[in-house]
Structures are given as C-alpha cells and as structure tokens.
Amino acid sequence: MFDTLSDRLAATFKNLRGKGRLSEADIDATAREIRIALLEADVALPVVRSFIAKVKERARGAEVSQALNPAQQMIKIVNEELVSILGGETRRLRFAKNPPTVIMLAGLQGAGKTTLAGKLGLWLKGQGHSPLLVACDLQRPNAVNQLSVVADRAGVAVYAPEPGNGVGDPVKVAKDSIEFATSKVHDIVIVDTAGRLGIDEELMRQAADIRDAVSPDEILFVVDAMIGQDAVNTAEAFRDGVGFDGVVLSKLDGDARGGAALSIAHVTGKQIMFASNGEKLEDFDAFHPDRMASRILDMGDLLTLIEQAEKTFSQEEAAKMASKLASSKGKDFTLDDFLAQMEQVRKMGSISKLLGMLPGMGQIKEQINNIDERDVDRMAAIIKSMTPKERAEPTIINGSRRARIAKGSGAEVSAVKGLIERFFEARKMMSKMAQGGGMPGMPGMPGMGGGPGRQKKQVKQAKGKRKSGNPMKRKAEEQAAAARREQAAQGGALGLPAQEDKNFELPDEFKKFMG
C-alpha cells in the first residue's frame, strides 16, 4: 500500500547523499518533494501541512547543521515525524478489572468487521484468553452465518441466538451475551455490530444503544484502508456520534494509496491499534507506529520478523539444528532437515512479505514480487521422492537416481540436480556461520570469526624476470646485470663499501636517526 510513497521518499533522500551540509535551498527542495509524495499518497492536507512545518523547523535547527551526515539526520527527522503522525507509541488493549472485557466493533458495511472479529478472537486466543464472538449484525444477509463460520475456523466460541437477516433485536443480544460469557467463563466478549453503506441516523442510534447496553471497555472503529479520504470523514462522524477508543485498519495489503491510514490518528486523536494485512485469519497484528514508519522509509521491520520467527520456531528445534550444522562440517544436516526448515519458514507467511521486512529490500521490489511461492512445494515433492538413504546421504545420488526422482516428483532432471547443488551450498554456508566462520566470501568481521589466523593470506608467487626476445637488447641487459654484480661485489649494495671493510662508519645524521 505504501510502495509509491516509499519510492518517492527514497528518491528524495538519494539526492541529499554526499552533501557535507544542507543549504536553505536543499531543505526547501526536500520539503517540497516530501509534500508532493504525501499528497500523492492521499494523506489529508492538514496532516501534510503540519508534518512539513515540523520537518522544516527541525531541519533548519542545530541537529542538521551540526550533524556529521546531514542526509541521514534528515531521514531520522522524517522517520520520527512519521511515527508521530501515526500515533507515537503502540497502544495496547485495556482489559477490565473484573472479566469479561467487552470489545465493541463499529464501522461501515464492507469494512471487514465480521472477518476482523475472527482475527481478533484468534489473536487473543493465542495470548491465552478465551474470547466469545457475539453476532449483533442482524440486518445484513447471512452476517450471523458468516460470523459462525469465521469463529469455527478461528477455534473460538460464538453467541448467535438470533438467525439475523432482519430478525431479532441486536441490543438484547448484546446485553444477554455478557451473562452468557460469565456463565461459560469467557474473559473477553467481541461484539460484531451492523454497518451501513454510509453514515445515517439509524446506524448511529443502534450503535449508541448497544454501547449503552454493554458498556464496552474498548470501542474499536474498523476502517477500510482502501477507501481514501472518506475514511477520515467517517472516522470523525463516528467519533462525534458514538465515540471510539481506537482504530483498526483492514485491507492494509491492498494496492490503493494508503494516506488515509497516515491521517486518521492525527485527525481524530485516536490511535491505530490493530492492522489486518491479508485474507488469512493469521494476517493480523498489533499496529506499531515506529515499525510502520520504518517500512515506509525502506528501513525494514526486523522486530516483527523476529516475533513471527519466535512464534513459528521452537527453541529446542533451533538448538538441535544448530548443533547438527556445527558438528562435522554440517554433514549431520540432511535433506529432511533442509525440508523441515523450509516448511517452518513457509509457516511464517508469504516469502515475499518476509523479504519485504528486511532493510533495503525496496530496491529489488520487482524481483521480490515475482517470487513463485510454489517453489517450496516443488522442492518438497523432489525431496519426498527420494529414499530415506538418499535424503541422509545426497552424495550417493547419481544419474540414474536423479532420473528416478525426477519421474516420481514430476520434475525435470535438471531441477533435481539444481536442488541437490543448492542444498550443498546452503549447508556449507550455514555450517560456516554456525561454527563462527563469518559470512562465506566475506572478510573476517570483529566478533564474527573469520579474522586473522582463520584465513591464510595467499601470497602470489612472483614470476621470474622474462628475457627480451631481441638479441641486441638481451645482450645489453646481460652486460648491465654483470656490471651490477661486479659493483655489488666491490662496493656492497647501493654502492656502499662492502661489509668486509671494518673501518666503514655511518654518517652522524644517520647515527642520530638510528638511535
């Protein structure tokens, strides 16, 4: 969603690199480019004006003029101001002192409230809670059925006493759900309310009645990040009519301009708390303003990547793999282990999304977007077509075995050969890293091994002096060499007296120099 904004900002900062100091003209030109980038990304005009004013004020101050690298200092200022307009610090859920904690979802129809209820339920379940989804959207056709299906997929309970499709009282359902949750020991109640195609009096009144009936601890306004500036107008109307405590952005994986997401927190004064960035129930997480700003500026999001890895990989399994790689040059690491590692990475999500979290990946965005996610499946098919002995000892795989494996996996023989070669290369690289040898092909870094003593410097043997092919020139060279030898024998090197001359002494200036 923020690709265009990221590209424009990266191009702007590229023009600043290599400058020892920034002039007034440089600051104005940079501010103008940032303003255009933000407006093209559909950020609200008041937000852009406030943002640019703060950036220019800080850029003209001492922190840039006295900086060793003004361009990097400028990026730091823009990053901090982006974090500020995105809400500053991460906002956490407030839980009730006496359970159940009631969370009410509000927003327009089509914003993704029902699906988001399931995502939030799964997220809370993963944190050790026992959520209950409540179907209070009794107007939209099949809304109750949809919530039941989503709850079943998320593995959480649902309270849906009314069939919906225009039948039932949503306020009574919301009120009764609190008693049901208490009796069934659910510590969190997530109330899914009805939406409308636009803001109207009936929608506001129903939302206000449900709010008064259940007294929610958190009212979350769900907004479609793809609807542009109308998202800001809707948020302001909900804030004034019903009130809400935080914002949830849905459809953040879309390709529309994402300026609305950058504007809501600043305009409404309410922070973005969660973000949904995919169709799967797992594509949902807490919103971190600092991480989002870092992604926009192509500085990566390593913290989120580490968190996802910690959820997927067990410490015990990681230690086991590390020991296999460190022992006997990694020969204990088999194709079965290689496949297990690839499948674990696959569980973390889309490979292109994972690569997008690494710093500087915006420069190879096209290649990342062209990654074929099915490559892991093809590799798995090839490995599973091998015998247990072949997986344990890939060196025994000869031409006839490769042909059999290719036939069994539906792949080309060249693909089988390529996979085995890639496995050996990966094993060698990971083994070297596990043993502290640093990155292969890289000079030894401090604290990373591979330094002096580990690598013997290869001294290139000098070739002997070649003789000229011209007889006259060769004769002249031989005569000059003979003369030099005679001079060295008579007067020592550099024309000094020979060492046999005991009376030779260095001049006084050399004696002082030599101490």
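Only a predicted model underlies this, so the values are computations on that prediction, with no experimental measurement involved.
When atom types are taken as modelled, the side chain of Glu218 and the backbone of Arg94 share a donor-acceptor pair closer than 3.5 angstrom. In terms of modelled atom types and a separation under 3.5 Å, the side chain of Asp245 and the main chain of Ile219 share a donor-acceptor contact. Looking only at distances, no side-chain donor or acceptor of Ser409 sits under 3.5 Å from a matching main-chain atom of Ser385. Without hydrogens or angle criteria, Ser263 side chain to Val43 main chain gives no donor-acceptor distance under 3.5 Å. Side chain of Thr268 to main chain of Glu236: no donor-acceptor pair is present (N/O by atom type, distance under 3.5 Å, no hydrogens or angles). Counting only distance, with no hydrogens or angles, the side chain of Arg211 and the backbone of Val242 share a donor-acceptor pair below 3.5 Å. Judged by distance alone, with hydrogens and angles left aside, the side-chain atoms of Ser250 form a donor-acceptor pair with the main-chain N or O of Ala111 at under 3.5 Å.
Applying side-chain contact (heavy atoms from CB on, under 4.5 Å) to Val214 and the options Val171, Ile178, Asp209 leaves one that passes, Ile178.
Nearest approach of Arg92 to Ala286, heavy atoms of both residues: NH1-CB, 4.4 Å. Heavy-atom minimum distance, Ala154 versus Leu281: N-CD1, 3.7 Å. Looking at every heavy atom in both residues, Gly118 comes nearest to Val150 through CA-CG1, 3.3 Å. The shortest non-hydrogen separation linking Val267 to Arg239 is O-NH1, 3.5 Å. Smallest separation of non-hydrogen atoms from Cys136 and Pro170: O-CB, 3.3 Å. Nearest heavy atoms, Ile34 versus Ile52: CG2-CD1, 3.8 Å.
Residues in residues 150-168 take part in no side chain to side chain donor-acceptor pair (under 3.5 Å) pair, two or more places apart or across chains.
Contact check for Lys113 versus Asp137: no side-chain heavy atoms found under the 4.5 Å cut-off. Side chains of Leu38 and Phe51 form a contact here, defined as non-hydrogen atoms less than 4.5 Å apart. Residues Phe238 and Met204 are in side-chain contact: their nearest non-hydrogen atoms beyond the backbone lie under 4.5 Å apart. Side-chain atoms of Thr182 and Pro100, non-hydrogen and from C-beta on, do get closer than 4.5 Å to each other. You'll find the side chain of Ser276 stays beyond 4.5 Å of the side chain of Leu249, heavy atoms only. A 4.5 Å side-chain heavy-atom check between Gln127 and Trp123 finds at least one atom pair inside the cut-off. Looking at Phe287 and Val248, their side chains never come closer than 4.5 Å, going by heavy atoms from C-beta outward. Residues Lys384 and Leu339 have side chains in contact (heavy-atom distance under 4.5 Å, counting atoms from C-beta outward).
Taking 4.0 Å as the cut-off between side-chain N and carboxylate O, Arg391 and Asp336 count as a salt-bridged pair.
Remark: Lys119 NZ to Asp285 CG distance equals 11.5 Å, nearest 0.5 Å. To the nearest 0.5 Å, atom CZ of residue Phe244 and atom CG of residue Leu105 are 13.0 Å apart. Atom CZ of Phe95 and atom CD1 of Ile103 lie 6.5 Å apart (nearest 0.5 Å). Rounding to the nearest 0.5 Å places OG1 of Thr193 at 10.0 Å from CD of Gln139. From Leu122, atom CG reaches atom CG of Leu133 across 10.5 Å, with rounding to the nearest 0.5 Å. The distance from the CD atom of Gln146 to the CZ atom of Arg140 is 4.5 Å, given to the nearest 0.5 Å.
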Exercise for review: Decide side-chain contact (heavy atoms from CB on, under 4.5 Å) for Thr234 and Val223; before the verdict, give the C-alpha distance in whole Å, the side-chain angles of both, and the deciding distance to 0.1 Å.
Suggested key: CA-CA 9 Å; Thr234 309; Val223 60; over 6 Å; no

Review point. After noting the C-alpha distance and the side-chain angles of Leu419 and Arg378, does the key distance pass the side-chain contact (heavy atoms from CB on, under 4.5 Å) rule?
Key: CA-CA 10 Å; Leu419 170 64; Arg378 294 187 188 106; over 6 Å; no

Exercise for review: Using the side-chain contact (heavy atoms from CB on, under 4.5 Å) rule, take Arg32 and Arg35 through it: C-alpha gap first, then chi angles, then the decisive distance, then the call.
Suggested key: CA-CA 5 Å; Arg32 186 168 58 252; Arg35 183 189 293 113; 4.2 Å; yes

Practice item. Could you give me the CA-CA distance, side-chain angles and deciding distance for Leu39 and Leu45, then say whether side-chain contact (heavy atoms from CB on, under 4.5 Å) is met? Key: CA-CA 7 Å; Leu39 289 172; Leu45 186 59; 3.9 Å; yes

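No more than 12 heavy-atom neighbours from other residues, nucleotides or ligands sit within 6.0 angstrom of CD on Glu412.
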Which atom pairs, donor and acceptor, lie under 3.5 Å between side-chain atoms of residues 183-192 and protein residues at least two apart or in another chain?
unit_1, atom_1, unit_2, atom_2, d
Ser183, OG, Glu179, O, 3.4
Ser183, OG, Phe180, O, 2.7
His186, ND1, Ser130, O, 3.4
His186, ND1, Ser130, OG, 3.1
Asp187, OD1, Ser130, N, 2.8
Asp187, OD2, His129, ND1, 2.8
Asp192, OD2, Thr114, OG1, 3.0

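Using modelled atom types and a 3.5 Å distance limit, the side chains of Thr334 and Asp337 yield a donor-acceptor pair.
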